[in-house]
Amino acid sequence: MEIHIVEDVEAGARVVADVFERTLRAAEGSGAVLGLATGSSPVPAYAELIRRHREEGLSFAGARAFLLDEYVGLPAGHAQSYHRFIRENLTSHLDIADDDVVSPDGTAADPVAEAAAYDARIREAGGVDLQILGIGSNGHIAFNEPGSSLASRTRVVGLTRSTIEDNARYFDTAADVPVRALSQGLGTILEARRIVLTATGSSKAAAVAQLAEGAISARWPATVLQMHPAVTVVVDEAAASQLELKDYYRYARCLESESPVAVRG
Ligand code: PGA
């Protein structure tokens, strides 16, 4: 795991955007497959990508994108649907074709079949080249709540009370937050070729410490990322505050800046 402890949100956004830019340039011609996340954590990085697209000509032409999850019961056009969130916060500002931005259908008559079809669509696209992730204060990634199988596939999940409370800020009341979602599984996410996870603030500190240094366990689903060979974690000081090996991570990044060889913890 490559852990970057950054000074502020803007510096973190630049590190995440750099990972996207490298992926897009490497896939030029064939079109990158991007795994996109909703929530507040990726938004600064999305703003930086939009800026690079507008001001520096970074192109997303030919890229395809798959969202991590969608609330069950919310139609695509609903103000709080993830289908809509990703368009408002990223893709409608880029040169990516709208039809190539795909999310699970939260209104599918058969959500179980929809989940299986979603995994198949990702596979048919050749798999995800780069997946961006946030992390819940309870250690979830996508909507894989504590107790999720570490090998899980896209499926219908029930949201925990803490996730519903965390997400209530987007709705009028907590009672309006859907209680189920279609979510990529941990096994699905692990198939992405590269992963970048970003988190800020002290409310994420315990989850970030578990992610990087805890025992791999369904109790903290993000710990499964320790099994992936190409994960970049971008955190501010507050989110990094419970990491025991902070000094080592800083040292490893310094070594990299002296020579362009990545030093992985
Ligand atoms: P946040 O959510 O980015 O809005 O903090 C992250 C998550 O719950 O996965």
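For ligands, and for the atoms within them, numbers begin at 1 and follow the listed sequence.
A tilted orientation is assigned to the rings of Tyr251 and Tyr248, their planes being inclined by 30° to 60°. Using cut-offs of 30° and 60° for the angle between ring planes, the Phe143 and Tyr71 rings count as tilted.
A salt bridge links Arg253 with Glu256: the distance from a Lys NZ or Arg NE/NH1/NH2 to an Asp or Glu carboxylate oxygen falls below 4.0 Å. A salt bridge links Arg52 with Glu48; the closest basic N to acidic carboxylate O contact falls under 4.0 Å.
Contact atoms of ligand 1 toward Lys204: 1 (P), 5 (O) (distance under 4.0 Å to a heavy atom of the residue). The Ser40 neighbourhood of ligand 1 comprises atoms 1 (P), 3 (O), 4 (O), 5 (O), with distances under 4.0 Å to a heavy atom of that residue.
For the pair Ser41 and ligand 1, the shortest N or O to N or O distance falls below 3.5 Å.
Between Leu133 and the choices Leu36, Val196, Leu211, Ile189, the side chain to side chain contact (heavy atoms under 4.5 Å, CB included) rule is met once, by Ile189.
Of all protein heavy atoms, the one closest to atom 7 (C) of ligand 1 is His140 NE2, 3.3 Å.
Residue contacts with ligand 1 for Ile135 involve N, CA, C or O but no side-chain atom from C-beta outward (heavy atoms, distance under 4.0 Å).
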